[in-house]
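Note that the structure is predicted; figures quoted are calculated from it, not measured.
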Amino acid sequence: SAFGCISVHPLMSKPDDVMNQLMKIAVEVARDVGKRVNDASGLFFQKTGRQLEHKQWKPQALLYSQWVLSLKAQYGEAFEAYADEKFAPIKSKVLRGELTHLEATRQYVDALFDFAGCDEPTLILGIVPPFYSSVCYLDAPEYTEIIQRVHKAISHEATQKHDQTYDLEAYFTGISDLSYSSIDPYSVSAIEATISGEMPLYGQLYNIPFEEIKNNAMACINVGPWGKDFHKISERVLIEDILERTPQLILCTLETVFNA
């Protein structure tokens with residue numbers, strides 16, 4: 001088996017949009033690879049004068065949710081009992097810090113393949129934790145005025161005290177806890193359905209309180225220090241920012257908002 005991960009910045013796209021786009025690519029790639037292998041095999045038999053008896057491979061691509069549903073339909077309780085049995089030691093290793101979520105996902109999916117077998121080359125597309133939802137208020141008319149006012153105040157503060165200029169960005173394209181401060185109430189059900197359905201570890205080793213986020217949603221703005229190598233052992237921040245500039249800008253933001 002082979003296993004790979006990519007990080008995706010969804011921005012305005014919902015998880016199901018991303019998965020659908022990736023599935024289109026996966027289906028196309030599976031078809032193209034199958035044709036290339038079959039053509040090469042046919043050419044080999046032709047060149048060697050052998051009788052053409054080789055198998056015509058038909059690679060398939062499936063969402064994790066589709067694959068699991070088909071296994072449940074085919075094997076019923078036997079599959080569910082096996083899946084629970086294989087998941088238990090993997091879960092224990094994750095909780096003890098012996099496996100990452102990524103490694104646990106691979107081991108679990110491989111175990112399911114061991115049970116089900118595979119008649120054709122199969123590509124399974126799913127989601128590995130964590131999931132950070134996109135939060136953006138620049139396209140929300142009710143927040144336009146306060147966002148522009150905060151930006152103007154921060155820019156003025158930074159220019160006057162630190163001779164710096166600050167840009168206003170729609171997204172912080174990194175990892176931030178502010179992703180859990182708000183969620184589009186009209187998209188909660190669809191987002192939760194995609195994450196829970198396509199993430200093998202969801203529900204037992206990883207959860208997101210979608211309903212609580214929706215009920216306590218709040219507007220947010222990200223003001224922080226300059227740094228490098230986020231979430232690595234070499235992560236560091238500029239000391240002047242963390243001790244002086246950022247606290248001043250956060251105070252400026254609070255005063256601007258609460259004096260509205």
Side-chain angles (χ1 to χ4, degrees), residues 2-15 18 22 90-108 126-138 147 150-151 153-183 191 195 198-202 204-210 212-213 216-257:
F3 186 89
C5 288
I6 59 172
S7 293
V8 178
H9 287 304
L11 302 181
M12 295 301 292
S13 299
K14 300 296 185 290
V18 174
L22 291 176
I90 292 174
K91 179 178 180 178
S92 296
K93 288 181 180 179
V94 173
L95 295 177
R96 292 197 301 268
E98 298 173 9
L99 285 179
T100 65
H101 284 149
L102 188 151
E103 294 163 339
T105 300
R106 175 170 188 168
Q107 288 190 15
Y108 181 58
I127 302 174
V128 174
F131 168 73
Y132 288 82
S133 60
S134 299
V135 178
C136 178
Y137 289 94
L138 288 187
I147 288 174
V150 168
H151 177 226
I154 288 178
S155 296
H156 182 267
E157 183 85 359
T159 301
Q160 293 297 312
K161 293 186 177 180
H162 308 297
D163 194 26
Q164 294 180 333
T165 57
Y166 276 68
D167 296 326
L168 179 62
E169 294 183 349
Y171 298 97
F172 170 65
T173 53
I175 296 176
S176 169
D177 292 336
L178 290 182
S179 288
Y180 302 121
S181 67
S182 181
I183 196 168
I191 293 175
I195 299 302
E198 309 305 342
M199 185 181 287
L201 304 187
Y202 196 84
Q204 296 198 62
L205 280 172
Y206 186 80
N207 290 281
I208 298 176
F210 287 103
E212 287 84 350
I213 294 173
N216 296 282
M218 63 192 77
C220 61
I221 187 168
N222 196 6
V223 180
W226 182 88
K228 295 189 73 173
D229 294 348
F230 302 119
H231 309 289
K232 299 179 181 178
I233 195 171
S234 55
E235 178 178 357
R236 68 270 196 195
V237 294
L238 186 64
I239 194 167
E240 291 90 349
D241 274 2
I242 198 70
L243 295 180
E244 300 174 19
R245 297 167 188 161
T246 300
Q248 290 174 3
L249 295 179
I250 290 176
L251 179 60
C252 174
T253 300
L254 293 172
E255 290 175 341
T256 302
V257 171

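Separating the OG1 atom in Thr246 from the CD atom in Glu240 is a distance of 10.5 Å, to the nearest 0.5 Å. Distance check, rounded to the nearest 0.5 Å: NE2 of His151 to OG1 of Thr256 gives 12.0 Å. Atom CD1 of Ile127 and atom OH of Tyr206 lie 10.0 Å apart (nearest 0.5 Å). For the atom pair CD (Gln204) and CD1 (Ile90), the distance works out to 10.5 Å, reported to the nearest 0.5 Å. Glu198 contributes atom CD, which lies 12.5 Å from atom CZ of Phe131 (distance to the nearest 0.5 angstrom). In this structure, Ile183 CD1 and Ile191 CD1 are separated by 4.0 Å, a value rounded to the nearest 0.5 Å.
Residues forming a side-chain hydrogen bond (donor to acceptor under 3.5 Å, both in side chains) with Lys14 (at least two apart in sequence, or on another chain): none. For Asp229, the side-chain hydrogen bond (donor to acceptor under 3.5 Å, both in side chains) partners are Ser234, Arg236, not counting sequence neighbours. Applying the ring-ring contact (aromatic ring centres under 6.0 Å, His included) criterion to Phe172, with sequence neighbours excluded, gives no partner residue. Residues meeting the side-chain hydrogen bond (donor to acceptor under 3.5 Å, both in side chains) test with Gln248, sequence neighbours left out: His162. Taking the salt bridge (Lys or Arg N to Asp or Glu O under 4.0 Å) definition, one finds that Glu98 meets it with Arg96, sequence neighbours left out. A search for ring-ring contact (aromatic ring centres under 6.0 Å, His included) contacts involving Tyr132 returns Tyr180, not counting sequence neighbours. Scored by the side-chain hydrogen bond (donor to acceptor under 3.5 Å, both in side chains) test, His156 finds no partners at all (sequence neighbours excluded). Here Lys161 pairs with Glu157 under the salt bridge (Lys or Arg N to Asp or Glu O under 4.0 Å) rule; sequence neighbours left out. Remark: Ile6 engages Val8, Leu22 in a side-chain contact (heavy atoms from CB on, under 4.5 Å) (not counting sequence neighbours). Partners of Tyr108 by ring-ring contact (aromatic ring centres under 6.0 Å, His included), not counting sequence neighbours, listed by chain and number: Phe87. Listed by chain and number, the residues in a side-chain contact (heavy atoms from CB on, under 4.5 Å) with Thr253 are Val150, Ile154, Ile221, Val223, Val257 (sequence neighbours excluded).
In this structure, Leu95 places its CG atom where more than 12 heavy-atom neighbours from other residues, nucleotides or ligands lie under 6.0 Å away.
Between Met12 and Ser134, every side-chain heavy-atom pair lies at or beyond the 4.5 Å cut-off. You'll find the side chain of Trp226 stays beyond 4.5 Å of the side chain of Val237, heavy atoms only. Taking the side chain as every heavy atom from C-beta outward, Leu238 and Pro225 never approach each other to under 4.5 Å.
For the salt bridge (Lys or Arg N to Asp or Glu O under 4.0 Å) condition, no pair includes a residue of residues 169-183, sequence neighbours left out.
When all heavy atoms are compared, the tightest approach of Met199 to Pro129 is SD-CG, 3.6 Å. Of all the heavy atoms in Pro10 and Val18, the pair that sits closest is CB-CG2, 4.3 Å.
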Requested in this report: Determine, stepwise, if the pair Gln164 / Arg245 fulfils side-chain contact (heavy atoms from CB on, under 4.5 Å).
Outcome: CA-CA 10 Å; Gln164 294 180 333; Arg245 297 167 188 161; 3.2 Å; yes

